[in-house]
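Okay, so here's the structure we're looking at.
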Protein chains: 2
Amino acid sequence: MTSTDATPPLPPLRPTRQRRAVVEAMASFADFRSAQEIHELLGERGEQVGLATVYRTLQRLADAGEVDVLRTEDGEAIYRRCSDSHHHHLVCRSCGATVEVEGPTVERWTSAIAAEHGYADVSHALEIFGTCPRCR
Amino acid sequence: MTSTDATPPLPPLRPTRQRRAVVEAMASFADFRSAQEIHELLGERGEQVGLATVYRTLQRLADAGEVDVLRTEDGEAIYRRCSDSHHHHLVCRSCGATVEVEGPTVERWTSAIAAEHGYADVSHALEIFGTCPRCR
DNA sequence: GACATGTTGACAATCATTCTCAAATAACCT
DNA sequence: AGGTTATTTGAGAATGATTGTCAACATGTC
């Protein structure tokens, strides 16, 4: 421990055309999209990027906290740029109608609970399900 | 609209050996397990049930609100009997250590939000992620 | 420019989950 | 009981998202 050997083993990360394209694509919408949808979007934009690369890049971005990841009810991963306002989803079990909700309550509670147990770098995912007015 | 033709098209549902076996298996543990794990468990118990049947039954139970379904971060569906005490999970991003937490705060907030938007039969899923003390 | 690495893409490989369909079995009716 | 019909089951094929493989490529550096 001679000096500042605290450098984490993080690889350099290069600004490639593909990487840029994915980031730009992510900037072009505000909702959650699947990797495949994003891949398509890139195609339409004329940016040819391999599907595997899209997956890899999305993962990197997620690890880096640049994007949020969620799972649809059937297990598909969906991504969104992270994020102006952190919010949650109120989803209708019957018709799928979604309302975005947010509030400091949950944020505070989760932080408190996590701190209480000594957890750091806290994040959370909350989904609320119910039957919407139109489906009652 | 002559009379009470309000009967929904729900099929009968039969109490088969397999169905019973799955329900019993679900009663035998309190945490979340994957369909495959449950299938194994059944095998160990000497109850031979096809994997597809396990999936089908689990789905039925979930639809009926008999079990809770969640998704692991890698998209696997996990099930648990629904449920003595409703609680959430505080999961370590690094080592996976899990703490079960609960509290009226979130319950209240979600109910309030849902009501506010006219949603009924509310339920929710909340997962908190962070880095646990041992992994810091 | 030449080199050492991080990256990419095409395609194969995984893996959970769903589908298919003939055989087994409840529930019913007589 | 015997016969009839709608469900359910199981084995294996099929699907579909995601990840792994590996040779060809692109970047940053000297």
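The sequence lines fix the lettering, A, B, ..., with proteins before strands; numbering per chain opens at 1. Because the structure is predicted, anything quoted here is derived from the model rather than measured.
- Residue A:Q48 places no side-chain N or O under 4.0 Å from the OP1 or OP2 atom of C:dG9.
- Atom CD of B:E47 and atom C1' of D:dT9 are 14 Å apart (whole Å).
- Sequence order on DNA chain D of the closest nucleotides to B:L51 and A:L51 puts B:L51 first from the 5' end.
- B:T53 and B:R56 share a donor-acceptor pair across their side chains, judged by distance under 3.5 Å alone.
- One hydrophobic cluster holds both A:Y119 and B:V106 under the rule that ILVMFWY side chains link at heavy-atom gaps under 4.5 Å.
- Not one side-chain nitrogen or oxygen of A:R14 sits closer than 4.0 Å to the OP1 or OP2 atom of C:dT5.
- Judged by distance alone, the side chain of B:R20 and the main-chain N or O of B:P15 form a donor-acceptor pair under 3.5 Å.
- In this model, the phosphate group of C:dT7 is approached by a side-chain N or O of A:R60 to a distance below 4.0 Å at OP1 or OP2.
- B:I38 places its CD1 atom 14 Å from the P atom of C:dA16, with the value rounded to the nearest Å.
- What separates CG of B:L58 from C1' of C:dA16 is a distance of 13 Å, to the nearest Å.
- Regarding contacts with the backbone of D:dG16, every side-chain N or O of A:Q36 stays at 4.0 angstrom or more from both OP1 and OP2.
- Taking 4.0 angstrom as the limit, A:R19 places a side-chain polar atom (N or O) nearer than this to OP1 or OP2 of C:dT8.
- A sub-4.0 Å separation between OP1 or OP2 of D:dG10 and a side-chain N or O of B:T53 is present.
- A:R20 places its CZ atom 11 Å from the P atom of C:dT8, with the value rounded to the nearest Å.
- The salt bridge (Lys or Arg N to Asp or Glu O under 4.0 Å) test with A:D68 singles out one residue from A:R33, A:R80, A:R81, and that residue is A:R80.
- At a cut-off of 3.5 angstrom, counting only N and O atoms as typed in the model, there is no donor on one side facing an acceptor on the other between the side-chain of A:R56 and the base of C:dG6.
- Listed pair B:R71 / C:dA16 fails the phosphate criterion, with no side-chain N or O lying under 4.0 Å from OP1 or OP2.
- One interatomic measurement links the two molecules: NE2 of A:H39 to P of C:dC11, which rounds to 13 Å at whole-angstrom precision.
- Counting all heavy atoms, side chain and backbone alike, B:E127 lies closest to B:L70 at OE2-CD2, 3.0 Å.
- Contact between the side-chain N/O atoms of A:Q18 and the OP1/OP2 oxygens of D:dA26 is not found at any separation under 4.0 Å.
- Mapping B:G75 and B:T16 onto DNA chain C via the closest heavy atom, the residue that lands nearer the 5' end is B:G75.
- When rounded to the nearest whole Å, the span between CD of B:E76 and C1' of D:dT19 equals 15 Å.
- We find the SG-CZ distance between A:C92 and A:R134 to be 10.0 Å, quoted to the nearest 0.5 Å.
- Each of A:G50 and B:A35 was assigned the nucleotide of DNA chain C with the nearest heavy atom; the assignment lying further toward the 5' end belongs to A:G50.
- Put simply, CG on A:L70 is 16 Å from C1' on D:dA17, counting in whole angstrom units.
- For the OP1/OP2 pair of D:dT18 and a distance below 4.0 Å, the side-chain nitrogens and oxygens of A:Y55 include at least one atom meeting the criterion.
- To the nearest angstrom, P of C:dG6 lies 18 Å from CD of A:Q59.
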